[in-house]
Amino acid sequence: MDEQQLLLQIVQSWNIKSDPEYRGFRCAVCQEYRNKAWHHWLRSSGFLVPIHLCDETCEQAFQSETLTFASPPLEKTINLTNPYSLKATGTFEEILEEWNTLAPPALKAFTCDLCEEKLEIDPEDGRRKGYHIWYETRSREVAELHFHRQCFINLN
């Protein structure tokens with residue numbers, strides 16, 4: 001199976017929602033919270049999404065094509081609403097145009113898509129957190145963006 005098909009299976013195991021969510025980052029497969037992960041790009045089948053895989057187990061399983069999923073991947077219809085201002089959606093589109101989705105996978109900390117700085121670690125639980133935003137692009141692709149709390153607030 002090629003890499004894009006495997007990444008698509010990962011995304012199809014998720015429950016994608018329109019509402020922004022401020023939370024820590026989880027491995028795309030095992031769902032364990034991580035402060036850094038391998039970043040892969042799904043850029044096919046109507047998606048433009050960074051996929052995060054933990055260095056501990058899931059990246060190796062991905063490379064060897066032995067991944068198992070908590071819930072079975074299902075082809076599903078995603079219905080996103082757009083609760084964002086014209087200013088915010090314009091910024092989203094600018095960010096997406098700048099993404100290098102052909103970059104090779106890299107192990108790195110999670111960053112804000114707007115300011116490109118590392119997202120903060122919450123002192124209470126030790127998790128790097130940010131707003132997770134699902135957005136349907138003007139070209140009808142489903143994308144996920146991530147923001148610092150203040151960067152997200154300043155978008156609207």
Side-chain angles (χ1 to χ4, degrees), residues 2-54 58 62 69-71 73-122 124-125 127-156:
D2 91 348
E3 180 180 276
Q4 290 296 295
Q5 289 175 322
L6 195 49
L7 292 171
L8 179 61
Q9 280 190 340
I10 292 169
V11 170
Q12 288 171 335
S13 71
W14 296 349
N15 184 14
I16 296 172
K17 300 176 184 174
S18 292
D19 295 333
E21 185 179 9
Y22 187 77
R23 63 171 174 80
F25 288 81
R26 296 184 298 239
C27 171
V29 178
C30 72
Q31 296 294 301
E32 293 293 323
Y33 283 98
R34 303 291 183 215
N35 288 329
K36 67 179 181 178
W38 284 92
H39 288 59
H40 295 263
W41 286 100
L42 172 58
R43 57 187 180 283
S44 65
S45 303
F47 288 96
L48 188 59
V49 179
I51 308 293
H52 309 122
L53 299 176
C54 69
C58 293
F62 178 79
F69 299 92
S71 58
L74 302 170
E75 193 166 331
K76 48 187 148 181
T77 303
I78 298 169
N79 296 311
L80 293 176
T81 59
N82 182 3
Y84 306 107
S85 68
L86 285 176
K87 175 186 170 191
T89 58
T91 301
F92 295 167
E93 293 289 336
E94 289 172 13
I95 290 168
L96 296 171
E97 287 175 18
E98 296 295 318
W99 277 357
N100 179 8
T101 62
L102 298 176
L107 178 63
K108 60 183 183 175
F110 300 101
T111 58
C112 176
D113 286 318
L114 185 61
C115 72
E116 300 180 358
E117 297 293 322
K118 287 181 186 175
L119 292 163
E120 295 95 0
I121 293 180
D122 185 318
E124 289 185 26
D125 62 15
R127 294 181 182 150
R128 196 172 298 280
K129 292 184 177 178
Y131 270 100
H132 294 62
I133 308 298
W134 286 98
Y135 170 70
E136 186 174 355
T137 70
R138 292 182 187 136
S139 60
R140 312 290 293 169
E141 291 178 298
V142 174
E144 185 184 26
L145 299 108
H146 305 97
F147 299 99
H148 282 111
R149 185 184 305 268
Q150 196 58 49
C151 288
F152 178 71
I153 290 167
N154 292 339
L155 284 172
N156 293 305

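The model shown is predicted, which means the values in this text are computed figures rather than measured ones. Note that the numbering runs from 1 along the sequence shown for the chain.
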- request: With the side chain counted from C-beta on, respond yes when L7 and F62 share a heavy-atom pair under 4.5 Å apart, and no when they do not.
  value: yes
- request: In sequence, state the C-alpha distance, the side-chain angles, and the governing distance for F47 and E144, and then conclude on side chain to side chain contact (heavy atoms under 4.5 Å, CB included).
  value: CA-CA 9 Å; F47 288 96; E144 185 184 26; over 6 Å; no
- request: May I ask you to check whether over 12 heavy atoms, not counting those of I153, lie within 6.0 Å of atom CD1?
  value: yes
task: Give a yes or no on whether the backbone of W41 and the side-chain of R43 come within a donor-acceptor separation of less than 3.5 Å.
output: yes
query: Out of curiosity, L42 CG to Q12 CD, how far, rounded to the nearest 0.5 Å?
result: 9.0 Å
message: Please report the interatomic distance SG(C54) to CG(N35), rounded to the nearest 0.5 Å.
response: 12.5 Å
message: Donor-acceptor check, side chain of T81 to backbone of P83, threshold 3.5 angstrom: yes or no?
response: no
- prompt: Which atoms form the tightest heavy-atom contact between I133 and P20, and what is the distance?
  reply: CD1-CB, 3.3 Å
query: So how far is it from H39 NE2 to I51 CD1, rounded to the nearest 0.5 Å?
result: 10.5 Å
message: Going by salt bridge (charged side-chain N to carboxylate O under 4.0 Å, His left out), name the residues that satisfy it together with R140, two or more places apart in sequence or in a different chain.
response: E136
- prompt: Is there a side-chain contact between R34 and H52, using heavy atoms and a 4.5 Å cut-off?
  reply: no
- request: Supply the atom-to-atom distance R128 CZ to K36 NZ, rounded to the nearest 0.5 angstrom.
  value: 10.0 Å
task: Look up atom CG in L145 and atom CZ in F152, then write down how far apart they are to the nearest 0.5 Å.
output: 10.5 Å
query: Roughly how far apart are Q5 CD and S45 OG, rounded to 0.5 Å?
result: 8.0 Å
message: Under the ring pair (Phe, Tyr, Trp, His ring centres under 6.0 Å) test against F147, which residue among Y84, Y131, F92 passes?
response: F92
- prompt: So do W134 and V142 actually touch side chain to side chain, heavy atoms under 4.5 Å?
  reply: yes
Working for side chain to side chain contact (heavy atoms under 4.5 Å, CB included), residues T137 and E93: CA-CA 7 Å; T137 70; E93 293 289 336; 3.7 Å; yes
Could you tabulate the donor-acceptor pairs under 3.5 Å formed by side-chain atoms of residues 21-30, not counting sequence neighbours?
unit_1, atom_1, unit_2, atom_2, d
E21, OE1, R23, NE, 3.2
R23, NH1, H132, NE2, 3.4
R26, NE, Q31, OE1, 2.9
R26, NH1, Y33, OH, 3.4

For residues 94-121, tabulate all N or O donor-acceptor pairs below 3.5 Å that involve a side-chain atom, not counting sequence neighbours.
unit_1, atom_1, unit_2, atom_2, d
N100, OD1, L102, N, 3.3
N100, OD1, A103, N, 3.4
D113, OD2, H146, N, 2.7

